[in-house]
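Chain letters run A, B, ... following the sequence lines, proteins first and then strands; every chain starts at 1. Since this is a predicted model, take the numbers as computed values, not measurements.
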Amino acid sequence: MNAVPDLPADIDAALLLRWLDAVTSVIEQEADHLTQLDSPIGDADHGANMRRGFRAARTALEQEPPDTPGAVLVAIGRQLISTVGGASGPLYGTLLRRAGKALGDAPAVTAAELRDGLRAGVDGLVQLGGAKLEDKTMVDALLPALDAFTAALDAGGGTEQAVTAAASAAEEGATATTPLRARKGRASYLGDRSIGHQDPGATSSALLLTTLADTVRKASSS
Amino acid sequence: MNAVPDLPADIDAALLLRWLDAVTSVIEQEADHLTQLDSPIGDADHGANMRRGFRAARTALEQEPPDTPGAVLVAIGRQLISTVGGASGPLYGTLLRRAGKALGDAPAVTAAELRDGLRAGVDGLVQLGGAKLEDKTMVDALLPALDAFTAALDAGGGTEQAVTAAASAAEEGATATTPLRARKGRASYLGDRSIGHQDPGATSSALLLTTLADTVRKASSS
Amino acid sequence: MLINVPENVVPDALRGFAAVHTDLTVDVERRVIVRRGAPYDGQVGLVSGGGSGHEPLHGGFVGRGMLTAACPGEVFTSPVPDQMVRAAAAVDSGAGVLFIVKNYTGDVLNFDMAAELAEDEGVQVAKVLVNDDVAVTDSLYTAGRRGTGATLFVEKLAGAAADEGAPLDRVAGIARRVNEASRSFGVALSACSTPAKGGPTFDLPEGELELGVGIHGEPGRERRAMMTSGEIADVSVDAVVDDLQPDAPVLLLVNGMGATPLLELYGFAAEVHRAMGARKVSVARTLVGNYVTSLDMAGASVTICQADEELLRLWDAPVSTPALRWGC
Amino acid sequence: MLINVPENVVPDALRGFAAVHTDLTVDVERRVIVRRGAPYDGQVGLVSGGGSGHEPLHGGFVGRGMLTAACPGEVFTSPVPDQMVRAAAAVDSGAGVLFIVKNYTGDVLNFDMAAELAEDEGVQVAKVLVNDDVAVTDSLYTAGRRGTGATLFVEKLAGAAADEGAPLDRVAGIARRVNEASRSFGVALSACSTPAKGGPTFDLPEGELELGVGIHGEPGRERRAMMTSGEIADVSVDAVVDDLQPDAPVLLLVNGMGATPLLELYGFAAEVHRAMGARKVSVARTLVGNYVTSLDMAGASVTICQADEELLRLWDAPVSTPALRWGC
Ligand SMILES: Nc1ncnc2c1ncn2[C@@H]1O[C@H](COP(=O)(O)OP(=O)(O)O)[C@@H](O)[C@H]1O
Ligand SMILES: Nc1ncnc2c1ncn2[C@@H]1O[C@H](COP(=O)(O)OP(=O)(O)O)[C@@H](O)[C@H]1O
Ligand SMILES: [Mg+2]
Ligand SMILES: [Mg+2]
Ligand SMILES: [Mg+2]
Ligand SMILES: [Mg+2]
């Protein structure tokens, strides 16, 4: 319904493969930080989990690069499910698989189609994990990001504006998890003691989206 | 041979029981220190061992106080053997049992007789443990103490002078273990790393003798 | 830590496990430990798994009378569905497979995915969720009670039932009954160090303890000044007995968290027995040891399971695994 | 520490041990653990003991096919002669008693005194001194090699011989042969904390380790920067293989010092196997676990025992104790 008809189909497999490459490097750099965040309110493995999953995904997709954006996301999702484990593996895996499936087999998609794909992915993640807004999970980064994405498109923005807006919203959403009391995942066992710590999963979600924004910006400036 | 014929027989069961009482308190106070000394070059139990043994001895001898100095030493030795364990239990136990036996059943003994008893005890200890001077053990406090005891008697001193001299020599002997490389007991496993630490057993030997000197001084001043 | 590189801790351990336990089939690459000779004709296969770092759970419980297969994940990270699917295929004799799942988001999600996939491949799968940890009080606003010590009871008792040839619904029924009859409470005297973090997962000053901890190096519900073994026993026994209100003799697990010396653990067991007596709960069997651990965490947990004649018989039944062995 | 008061750690643990292991006779007051039903007609009695803090050694090894009695001393302090005399009296069927003594000044002196007293009471006593620790190099200028991991081999193999009804001289002969064929080397990644001291017995900064440690919380021969599991395996295997120069397959014990997670210990076992292969030593049997411990010390030791057909048979023979159980 929000789809703007005249958007260019500027999101192709190559762009998402560049994103995968960039995100794997970012996760590599941020792994220790994510694990640190997972220490006081989790089990100190989120960074290692994400690194393992994205390393595996990059290796697999380098060997057999899919040629549609949908297939790229599905393949990354499968790799995450097969190599991450933990809560984040099935959750991110489902997000990307569902998003990829929603994109179908188009060789390139518009920002609006990507947004619809991401919405399908986040719906799948929410259905699987059962988390609501303010439960202090990755959902607190992802839902605001989707909304910002939509708002940017509604305001007439293109791919770059939309993913940039989504990235900022995700970062804000991640920061905003700090004062929350966790109600899902390991942090929930801590009760009030979970307050005052930023959620690792929301933080990694923000990384995925800021890197997407960077990748898109680089693509359009080059 | 060194015995001075006209010494008074001023060492009786009551004196040695007061010594036991005093020494138990001193060990109680010094237990942590002895255990500290036993940490870097041993197994961190010498204080606890000594405290357990002397507590048991005091309790046993309070219930059934022997009436000769020989019997007091034998009874303490037995208690140490039955309750201490470790290296120090049999060693101190043998020292006191042998010393007590050498005193026979006289109701009171002279300083020279006590010296002969202690010599018999230390001989037994050396025979059992096989340590020589400068092996960094309690022997390094006990042998100099015996010598000083004898020298004081030879110089015409009485009980007070003799035990005071023995106590000082034991303290010096204990201090002098610090630069030694251990060749007996647990500290020997450390090789050169045993250098620079004072031997816990030599330290407790010095405590036993300084407390004896205190007890004798108090007896003669009262 | 006694490791090579953090990334290889799990495969390194599996190589060692394979070299030592030659009566098990260890697929180091794919991270599946299977009882040699599986599938056993007409026997239900028992598959469990979870993050590594809780050893001997689960790999140490593979063998006659307990698990048929175990799937070790990364340290404190649930295994991935591929592992459970492979394990299910390896142990299914046609009689079906029971997945024993500790109630953590990661384990639940991964085992759920695996169950779907295994069923697609024609394996009949039942699941039991272990959630015995009474320290998680507010299960509406949390991920629910964690699975801890009761996992050992579920694996032993359901394993004995499978060994007797019970069909899948009965084996699953016993597993659920054991879980429902079990409660745990744990205490940490130190945090544990994970290879990924390279140091303690949280800061616990000397002279303080954490009450109500799980088995993943996470802090507990409450920090307190150090308590005596007897006081800790009272708190733990009260927690499990208040919640379960047993009216029959119990199986008791006095479990060390990994770095608790047996000398201390047996002393604690004495206090737990005393505290159980004070609560008029009679203890039918006791197991003491470091069984459901959290790497090098110092601390202990108490698990009880109300037993009836059948469960006692299943407990006493032969078991022959690397970590638990009797009667055969 | 999970204790009440430091003074009561040993009796508290014995109370727990008594409550849990009802198939053993535990005299808490007098500190003697005896196999129920002892003395066994015509069987040699095996008595061991030593300081507490090494659990499951020795109490956990009392039972069929291993020790007949154990005498726990205070933490890291040899037991007193009264205990061994009482144990000897309890297990002597007339076939005599073997004292298994680890070579520490305290243990040697106390067992010697006990042997004299027991013989006065008409018990025929043989003694075996266990001294397998190659880290003590200069035995002329030390108390001699310490007894560590080989104690488990001596107790198991001599215990199996006694169980077969071998006479005292043969049981003692096997015990001595096992000791002579055994070597150990240990490494600490952390110091241990004794109840008496209330904290670590020595200072070992994070990122350093001690090579050549014993099992009493004493520092080792040499401090080094942290090494990988593989490097530690190489050093340990070289130390024991260079010293023993085995020319037949060995029994291998990969032992945790108490606080070593099994996850790490199995990874270490893999490296030890690799290192043994590199030294062309073949491994006939491997046991992995925290068996001869030093309270909550992190670290590991490697023990090998060159085996012949007889020793292998005795190793495989049934054993049923709290800590070691197979074949029955
Ligand atoms: N039910 C859930 N729904 C959505 N996200 C969740 C849920 N449970 C946990 N998470 C997210 O997963 C993150 C933890 O991931 P990770 O540490 O990799 O897995 P684990 O918790 O199994 O160790 C949390 O920070 C949180 O954002
Ligand atoms: N062979 C020996 N001869 C004499 N004294 C010894 C011998 N071995 C050890 N000692 C003494 O014993 C002391 C240690 O006693 P203690 O700590 O109670 O026993 P353990 O060494 O068994 O823990 C050492 O400090 C040393 O003085
Ligand atoms: Mg985590
Ligand atoms: Mg000592
Ligand atoms: Mg995890
Ligand atoms: Mg000692």
*Asks:* Is it the backbone or the side chain of A:Ala44 that comes under 4.5 Å from a heavy atom of chain C, or both, or neither?
*Replies:*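 It is both, since atoms from each part get that close.
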
*Asks:* Side chain, backbone, both or neither: which part of C:Pro219 has a heavy atom under 4.5 Å from chain A?
*Replies:*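 Both parts, backbone and side chain.
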
*Asks:* Examine whether an atom of C:Thr201 lies under 4.5 Å from a heavy atom of chain A, and if so say whether it belongs to the side chain, the backbone or both; otherwise answer neither.
*Replies:*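 Contact with chain A is through both the backbone and side chain of C:Thr201.
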
*Asks:* Is there a side-chain contact between A:Leu91 and C:Leu109, using heavy atoms and a 4.5 Å cut-off?
*Replies:*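 Heavy-atom side-chain distance check passes, below 4.5 Å.
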
*Asks:* Which atoms of C:Glu222 are under 4.5 Å from chain A, going by heavy atoms: the side chain, the backbone, both sets, or neither?
*Replies:*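 Only the backbone of C:Glu222 comes within 4.5 Å of chain A.
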
*Asks:* Specify which of C:Glu218, C:Gln83, C:Lys197, C:Arg223 makes the most heavy-atom pairs with chain A at under 4.5 Å.
*Replies:*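 Highest number of heavy-atom pairs under 4.5 Å: C:Lys197.
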
*Asks:* For C:Thr77 and A:Gly86, which heavy atoms make the closest approach, and how far apart are they?
*Replies:*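 It is CG2-N, 3.3 Å.
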
*Asks:* Please answer whether the main-chain N or O of C:Ala143 pairs with a side-chain N or O of A:Ser188 as donor and acceptor at a distance below 3.5 Å.
*Replies:*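 At least one qualifying donor-acceptor pair exists.
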
*Asks:* Under 6.0 Å from the six-membered ring centre of A:Tyr189 and within 45° of its axis: does the NZ or CZ of C:Arg146 meet both?
*Replies:*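 That pair qualifies as a cation-pi contact.
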
*Asks:* The test is side-chain contact (heavy atoms from CB on, under 4.5 Å); show your working for C:Val75 and A:Asp45 and say whether it passes.
*Replies:* CA-CA 8 Å; C:Val75 172; A:Asp45 63 359; over 6 Å; no

*Asks:* So which atom in A:Asp43 and which in C:His216 form the shortest heavy-atom distance, rounded to 0.1 Å?
*Replies:*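 Of all heavy-atom pairs spanning A:Asp43 and C:His216, the closest is CB-O, 3.4 Å.
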
*Asks:* Check each atom of C:Glu74 against the heavy atoms of chain A and say whether the ones under 4.5 Å are side chain, backbone, both or neither.
*Replies:*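 Interface part for C:Glu74: side chain.
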
*Asks:* Return the minimal non-hydrogen interatomic distance between C:Tyr104 and A:Arg186, and the atom names on each side.
*Replies:*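 Minimum heavy-atom contact is CD2-NH1, 3.5 Å.
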
*Asks:* Do other residues, nucleotides or ligands put more than 12 heavy atoms under 6.0 Å from the CG atom of C:Asp242?
*Replies:*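 Count over threshold, so yes.
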
*Asks:* If you draw a 6.0 Å radius around CG in C:Asp203, do more than 12 non-hydrogen atoms from other residues or ligands fall strictly inside?
*Replies:*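 Incorrect, the count does not exceed 12.
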
*Asks:* With respect to chain A, which residue among C:Gly73, C:Gly50, C:Gly220, C:Gly217 yields the maximal number of heavy-atom pairs within a distance under 4.5 Å?
*Replies:*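 Counting heavy-atom pairs under 4.5 Å, the top option is C:Gly220.
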
*Asks:* C:Asn110 versus chain A, heavy atoms under 4.5 Å apart: side chain, backbone, both or neither?
*Replies:*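 For C:Asn110, backbone and side chain are both near chain A.
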
*Asks:* Any side-chain heavy atom of A:Asp192 within less than 4.5 Å of one from C:Arg221?
*Replies:*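 Side chain of A:Asp192 against side chain of C:Arg221, heavy atoms only: no contact under 4.5 Å found.
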
*Asks:* Answer with side chain, backbone, both or neither: which region of A:Ala182 has an atom nearer than 4.5 Å to a non-hydrogen atom of chain C?
*Replies:*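 For A:Ala182, the backbone is the part near chain C, not the side chain.
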
